[in-house]
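As structure tokens, the structure follows; a few thoughts come after it.
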Amino acid sequence: MRSAGIMKLYPGAAKEYEKRHNEIWPELVESIKSHGAKNYSIFFNKETNELFSYLEVENEELWEKRAGSEITKKWWEYMADLMETNSD
């Protein structure tokens with residue numbers, strides 16, 4: 001399955017976002033891989049402050065389970081001050 005999405009950074013958050021992603025936690029990388037992700041890329045449009053993500057997964061059901069993992073929730077919380085978020 002191929003999936004794409006758009007996320008929006010808050011004004012002035014791009015440098016900190018890049019810094020945090022450059023220091024991505026090894027346990028998060030392992031969780032992404034163990035939930036079947038392949039070819040995961042995120043691109044930044046500095047004119048719109050938007051992030052475009054592209055992802056290929058082996059199994060959509062397995063990938064969806066990642067959202068419930070503690071490390072994913074911790075990462076989302078860690079990034080929440082930099083970008084718009086959804087309640088889910």
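Side chains included, hydrogens not; waters and symmetry mates left out as well; all remaining heavy atoms used. Here the structure is a predicted model, which is why all the values come from computation and not from measurement.
- Considering CG of N22 and CZ of R20, their distance stands at 12.5 Å, rounded to 0.5 Å.
- No donor-acceptor distance shorter than 3.5 angstrom exists from the side chain of N45 to the backbone of E50, with no hydrogens or angles considered.
- Side chain of T85 to backbone of A80: no donor-acceptor contact under 3.5 angstrom is found.
- The local environment of CD in E23 is crowded, with over 12 non-hydrogen atoms from other residues, nucleotides or ligands closer than 6.0 Å.
- A 4.5 Å side-chain heavy-atom check between K74 and E77 finds every atom pair outside the cut-off.
- Clustering ILVMFWY residues whenever any of their side-chain heavy atoms sit less than 4.5 angstrom apart, transitively, puts L51 in the very cluster that holds I24.
- At least one side-chain heavy atom of T72 sits under 4.5 Å from a side-chain heavy atom of S31.
- The closest side-chain heavy-atom distance from Y54 to I42 is not below 4.5 Å.
- Atom CD of E56 is surrounded by more than 12 heavy atoms from other residues, nucleotides or ligands within 6.0 Å.
- Atom OG1 in T48 sits 11.5 Å away from atom NZ in K46 (nearest 0.5 Å).
- In this structure, Y10 contributes its side chain and M83 its backbone to a donor-acceptor pair below 3.5 Å.
- Between M7 and S53, the shortest heavy-atom contact is CE-CB, 4.0 Å.
- No path of Ile, Leu, Val, Met, Phe, Trp and Tyr side chains, each step under 4.5 Å between heavy atoms, connects F52 with L82, placing them in separate hydrophobic clusters.
- Residues passing the ring pair (Phe, Tyr, Trp, His ring centres under 6.0 Å) test with W75, sequence neighbours excluded: H21, W25, Y78.
- Cluster membership check: L55 shares its hydrophobic cluster with V29, using side-chain heavy-atom separations under 4.5 Å among Ile, Leu, Val, Met, Phe, Trp and Tyr.
- Here the CD atom belonging to E27 is positioned 10.5 Å from the OG atom belonging to S69, to the nearest 0.5 angstrom.
- Rounded to the nearest 0.5 angstrom, E58 CD and M1 CE are separated by 11.5 Å.
- We find the CD-CZ distance between E60 and R2 to be 13.5 Å, quoted to the nearest 0.5 Å.
- How far CD of E30 is from NE2 of H35: 10.0 Å, rounded to the nearest 0.5 Å.
- Between I71 and W76, the closest side-chain pair of non-hydrogen atoms is not below 4.5 Å.
- The environment of K65 atom NZ is sparse: at most 12 non-hydrogen atoms of other residues, nucleotides or ligands sit within 6.0 angstrom.
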